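Taking it in order: structure first as structure tokens, then the write-up.
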Amino acid sequence: MIEGATGPWEAVIGLEVHAQVVSKAKLFSGAATDFGAEPNSQVSLVDAAFPGMLPVINRFCVELAVKTGLGLEAEIRLESVFDRKNYFYPDLPPGYQISQYQQPVVGRGKLTLDMSDGTVREIGITRVHLEQDAGKSLHDQHPSLSYVDLNRAGIALMEIVSEPDLRSAEEAGLYLRKLRSILRYLGTCDGNMEEGSLRCDCNVSMRRPGEPYGTRCEIKNLNSVRYVMQAIEYEGRRQIEILEKGGAIEQQTRLFDVARGITRSMRSKEEAHDYRYFPDPDLLPLVLDPGWVARLRAELPELPDAKKARFVSQYGLSPDDAGVLVAEKETALFFERVATGRDPKAAAHWIMGDLFGALNRFGIGIEASPVSAEQLGALIDLIADGTLSSRLAKDVFAEMVATRAHPASIVEAKGLRQVTDQGEIAAAIDAVLAANSDKFAEYRAGRDKLYGFFVGQIMRATAGKANPALVNRLLKEKLAQ
Ligand code: ADP
Ligand code: MG
């Protein structure tokens, strides 16, 4: 809810996400799809719309769209149709995009958001359809000419449309992150927003709580979660300002100006395209074998929600920790390798604390971690068997990150084994108390605060290697004498 000058407003948001299908070939041609290739080096005669060329559907792309639908618990439509969406633009040689319109391959589904207060919210998925990407106009290559790169032309996209169920920028951010996570688990889209594999159009309207939906504006082509959230925040405030002055929202397509953090009008409803959709006569309706769909369903991997629930019940993690660990498939895998046969909470603690800290510093993902799951497990074992205190383990971990060495060899090489010999610790305690007899007397006279001072001195005397629990126990015994 957003507080305006005249009372509260509620945002109503629906997202249209374009997700590039992970396929080496395009949706209707065999041309390659590698990112960053030389312009126009991955263009077949079909993509360039030479006369007489015919599209041939890529079965693998259909398979991934169906998997995506299954992952969103959606209806798989056994018969779907490809239409021509007609418009004229230099980066679209045929003058139309092949896209599913009234008969998409995937119908209604859903996705759950894990809210920050611990509750879950279900967001409706309206549909998922397959369509071709367009090419790209390059305006920065020549002072007076625009160039066209058709490498993207014909690449398979899944358009994933949500119901207008989102109510804030935060929810839109959660939705996008969750969707990206599911797509990556399924292996149907790499979710790489910097490379344009996942792009988002945001539909935003404002209403008084409980009132019917208002007129929406659509903000086109946002390529980061942060921009999506910023654009929604800005657009919401812009609409509230108009509405509070008694004005009406004009249905528009808007662009987000990244540099200025504002949205501006691109075209109004009157200027909207008339796409004159009709079924592409070069393509038969797409008919799926129910047995094939059933097989794909049976082969689905464990998805983030199910994995999170399992991490809570099997490993006793808090829902928050489990949520963090399952967000990326690779992190979940790493966690399970470390946790198996060990204290799962210790595994979660090390991964989310020291390991994430190190990965953030290097700006790398867990798949490139300098510390392997096996090595982190070995470090936790050294704590469990008393070789290392958790304090020493932190030093060993830092050394593991720096040198990629195994914890056991670091402990040996640096002589970091913790001191658990009671006689040795008792001797250190005696020495510290003898050397600080004045403070010892003050403590006896009631200055309890000095306890921490003694612990510090004893740790120092043992070069930080004394087992802290033993130090505490033996020191307390000594002081109580
Ligand atoms: P179009 O075909 O013009 O893109 P749709 O009805 O398919 O229109 O809706 C596109 C997106 O807009 C969907 O994600 C939907 O949830 C969202 N949407 C529809 N009505 C509203 C509204 N009043 N406010 C915000 N979003 C809306
Ligand atoms: Mg739209």
Side-chain angles (χ1 to χ4, degrees), residues 1-2 9-19 68-69 72 74-75 77 80-81 83-87 97 99-111 113 121-131 134 157-176 178-179 198-222 225 228-229 231-240 242-243 247-256 263 265-278:
M1 219 66 77
I2 302 170
W9 294 91
E10 183 176 58
V12 173
I13 302 156
L15 302 185
E16 297 165 89
V17 171
H18 290 93
T68 299
L72 296 171
E75 175 206 359
R77 305 187 63 257
S80 62
V81 172
D83 288 293
R84 289 186 179 180
K85 179 178 180 179
N86 298 280
Y87 64 95
Q97 175 194 28
S99 173
Q100 297 190 310
Y101 184 51
Q102 270 163 352
Q103 305 280 347
V105 63
V106 175
R108 284 193 169 264
K110 61 177 193 256
L111 178 153
L113 304 184
R121 283 244 300 126
E122 204 165 272
I123 305 300
I125 301 288
T126 314
R127 57 190 275 155
V128 179
H129 69 249
L130 276 166
E131 63 181 32
L157 302 179
M158 299 177 280
E159 179 168 333
I160 303 162
V161 182
S162 87
E163 289 290 295
D165 288 348
L166 299 160
R167 293 290 173 265
S168 66
E170 188 208 348
E171 287 189 9
L174 286 174
Y175 173 89
L176 265 185
K178 186 63 166 286
L179 179 60
L198 204 65
R199 285 142 31 208
C200 182
D201 300 343
C202 293
N203 296 270
V204 182
S205 65
M206 301 302 298
R207 66 168 175 184
R208 293 293 190 191
E211 293 283 302
Y213 293 157
T215 305
R216 71 191 150 105
C217 286
E218 178 175 7
I219 311 155
K220 279 284 186 199
N221 226 5
L222 296 156
V225 175
V228 164
M229 294 174 66
I232 291 171
E233 293 278 0
Y234 176 86
E235 181 60 19
R237 284 199 306 273
R238 186 188 75 84
Q239 293 185 14
I240 289 174
I242 295 171
L243 293 168
I249 302 301
E250 186 195 350
Q251 188 168 339
Q252 281 176 343
T253 303
R254 298 178 70 85
L255 286 178
F256 182 60
T263 65
S265 177
M266 186 173 132
R267 58 173 180 261
S268 68
K269 198 181 177 185
E270 285 71 48
E271 301 157 86
H273 298 295
D274 173 6
Y275 292 119
R276 292 165 294 127
Y277 282 98
F278 63 88

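Since this is a predicted model, take the numbers as computed values, not measurements. Whatever order the structure lists them in is the order used to number ligands and atoms, beginning at 1.
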Sub-4.0 Å atoms of ligand 1 with respect to non-hydrogen atoms of [X]:
| X | answer |
| --- | --- |
| Val161 | 13 (C), 14 (O) |
| Glu163 | 16 (O) |
| Val12 | 24 (N), 25 (C) |
| Tyr213 | 23 (N) |
| Ser205 | 22 (C), 23 (N), 24 (N), 25 (C) |

Considering distance alone, does some N or O of [X] sit under 3.5 Å from an N or O of ligand 1?
| X | value |
| --- | --- |
| Asn203 | yes |
| Gly214 | yes |
| Glu218 | no |
| Val204 | no |

**OP:** Test the Arg207-Trp9 pair against the cation-pi criterion, namely NZ or CZ under 6.0 angstrom from the six-membered ring centroid and within 45° of the ring axis.
**Re:** no
ask   = Is there side-chain contact between Asn86 and Phe278, with heavy atoms separated by less than 4.5 Å?
value = yes
- prompt: Is there a side-chain contact between Leu179 and Ile160, using heavy atoms and a 4.5 Å cut-off?
  reply: yes
Contacts of Tyr101 meeting ring-ring contact (aromatic ring centres under 6.0 Å, His included) (sequence neighbours excluded), chain-then-number -> Tyr277
Subject >> Leu130 backbone acceptor or donor facing Gln100 side chain under 3.5 Å >> reply: yes
Pair Asn203, Glu16 - check side chain to side chain contact (heavy atoms under 4.5 Å, CB included), show working. CA-CA 8 Å; Asn203 296 270; Glu16 297 165 89; 2.9 Å; yes
So for Thr215 against ligand 1, with non-hydrogen atoms under 4.0 Å, the contacting part is neither
* Asked: Side chains of Glu218 and Thr253: do they bring a donor and an acceptor to under 3.5 Å?
  -> no
